[in-house]
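Structure first, commentary second.
For the single chain, residues carry numbers from 1 onward in sequence order.
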Amino acid sequence: MRRYARHLVLEEIGAAGQERLARSRVVVVGLGALGGHIALHLARSGVGYIRIIDHDIVEEENLQRQVLYDEGDVRAGLPKAHAAARRLASVNSSIKIDPRIATLRPDNAAMLLSDCDIVLDGTDNLETRFLINDFCLNYGVPWVFGAVLATSGLVAPIVPHRTPCLRCIFRQIPPSAVLPTCQTYGVLNTAPALIAALQSTLAYRILLGKFPEQKLLFVDIWKPSFFDVKIAKWEECPACVKKEFGFLKGNR
């Protein structure tokens, strides 16, 4: 346990908490800037099993902000899941890394997200996040939402039966074509590092049974500024109230 000495003396974790992390099973969906930082935090913290999911290959433009990859991965055209698994195994060989080259869809969500204690969002589109939301609500699995654009980001813990869900936060579903993206607005490479650190910390708290408050955190790292908003459960929510789970069924 020498590797985790700083956790063992930390009041918030301690020996019992570290052992609990070692028994935990976590899924990270998306291995870009957010997911890469998250997976690295989890591996270094000693989370015992980490399933990592992504369908992309490593490209040169990823290297500005995605910490799991290098120029050799670009030249080799490696899938992100394989390159990430190799990097994470070199960081901590005592844990299990389970790479999956896949796109999360309604027809494979049960296979990719099952048998886990928590799901962490490293994706870059709202529809996939709504699919994660539906799955996790349906199966009672906590998850942590995170998003980054330019110099700012959002973070929220979503725990079934305890907190409002993603549909309570985003009640209207905008068309994908009108949503801003990092391709058009850019992204400062320190922004996903900060958001991923917040997501990872929320995951530790949930895994250790120290559930966080029900709030949505807004961050702008350039200013810098931090503020949070308490989110109320939407009484007409199609997901956590009506349990319709349209995204899990392949429709909206």
Discussion item. The test is side-chain contact (heavy atoms from CB on, under 4.5 Å); show your working for L120 and L42 and say whether it passes.
Written reply: CA-CA 11 Å; L120 284 120; L42 298 176; 4.0 Å; yes
Hey, what do you get for [atom1] ([X]) to [atom2] ([Y]), rounding to the nearest 0.5 Å?
{"X": "L63", "Y": "N189", "atom1": "CG", "atom2": "CG", "value": "11.5 Å"}
{"X": "C165", "Y": "I132", "atom1": "SG", "atom2": "CD1", "value": "13.0 Å"}
{"X": "H7", "Y": "E19", "atom1": "NE2", "atom2": "CD", "value": "14.0 Å"}
{"X": "L248", "Y": "C136", "atom1": "CG", "atom2": "SG", "value": "10.0 Å"}
{"X": "K96", "Y": "L88", "atom1": "NZ", "atom2": "CG", "value": "12.5 Å"}
{"X": "L68", "Y": "H37", "atom1": "CG", "atom2": "NE2", "value": "8.0 Å"}

Fill in: From V26, V141, L207, V27, residue fulfilling side chain to side chain contact (heavy atoms under 4.5 Å, CB included) relative to D117
L207
Worksheet item: When the ring planes of F218 and F227 are compared, do they come out parallel, tilted or perpendicular, using 30° and 60° as the limits?
Response: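 F218 and F227: parallel rings.
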Is there a donor-acceptor contact under 3.5 Å from the side chain of [X] to the main chain of [Y]?
{"X": "E244", "Y": "C237", "result": "no"}
{"X": "K233", "Y": "C240", "result": "no"}
{"X": "Q18", "Y": "I13", "result": "no"}
{"X": "R51", "Y": "L112", "result": "yes"}
{"X": "N62", "Y": "E59", "result": "yes"}
{"X": "D73", "Y": "D70", "result": "yes"}
{"X": "S152", "Y": "L149", "result": "yes"}

Discussion item. V155 vs V219, test: side-chain contact (heavy atoms from CB on, under 4.5 Å). Steps then yes/no.
Written reply: CA-CA 8 Å; V155 182; V219 178; 5.6 Å; no
Worksheet entry | Other residues, nucleotides, ligands: >12 heavy atoms within 6.0 Å of R6 CZ |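 For R6, atom CZ is not crowded (no more than 12 foreign heavy atoms under 6.0 Å).
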Discussion item. Just checking Q64: does its CD atom have more than 12 heavy atoms from other residues, nucleotides or ligands closer to it than 6.0 angstrom?
Written reply: yes
Practice prompt. Dump the intermediate steps for side-chain contact (heavy atoms from CB on, under 4.5 Å) on I173 and F247, then the final yes or no.
Written response: CA-CA 12 Å; I173 304 176; F247 285 88; 3.6 Å; yes
Worksheet item: Between R87 and Y69, is NZ or CZ placed under 6.0 angstrom from the six-membered ring centre and within 45° of the ring axis?
Response: no
Contact summary for [X] and [Y], nearest pair of heavy atoms:
{"X": "I97", "Y": "A89", "result": "CG1-N, 4.5 Å"}
{"X": "C116", "Y": "L113", "result": "SG-O, 3.1 Å"}
{"X": "L208", "Y": "R20", "result": "O-NH1, 3.4 Å"}
{"X": "A81", "Y": "I101", "result": "CB-CG1, 4.0 Å"}
{"X": "L31", "Y": "Q66", "result": "O-OE1, 3.8 Å"}
{"X": "V58", "Y": "K80", "result": "CG2-CG, 3.9 Å"}

Under a 4.5 Å side-chain heavy-atom rule over Ile, Leu, Val, Met, Phe, Trp and Tyr, are [X] and [Y] clustered together?
{"X": "Y185", "Y": "V187", "result": "no"}
{"X": "I158", "Y": "L131", "result": "yes"}
{"X": "I169", "Y": "W234", "result": "no"}
{"X": "L137", "Y": "L202", "result": "no"}
{"X": "L10", "Y": "I206", "result": "yes"}

Fill in: Residue pairs fulfilling side-chain hydrogen bond (donor to acceptor under 3.5 Å, both in side chains) with at least one residue in residues 216-229, sequence neighbours excluded
T151-D220
Worksheet, complete the sentence: So the side-chain hydrogen bond (donor to acceptor under 3.5 Å, both in side chains) pairs with at least one residue in residues 118-130 (sequence neighbours excluded) are D121-T123, D121-R129, T123-R129, N125-T128, E127-R252
Discussion item. I want to check something: taking the side chain as every heavy atom from C-beta on, are W143 and L166 in contact at a cut-off of under 4.5 Å?
Written reply: yes
Item to complete: Could you tell me whether the side chain of L154 reaches within less than 4.5 Å of the side chain of L216, counting heavy atoms only?
Response: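 They are in side-chain contact.
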Worksheet item: Do F226 and L194 pass the side-chain contact (heavy atoms from CB on, under 4.5 Å) test, and can you show the C-alpha distance, the side-chain angles, and the key distance before you say yes or no?
Response: CA-CA 12 Å; F226 294 75; L194 176 58; 3.9 Å; yes
Fill in: Co-members of M1 in a cluster of I, L, V, M, F, W and Y side chains, linked at under 4.5 Å
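Y4, L8, listed by chain and number.
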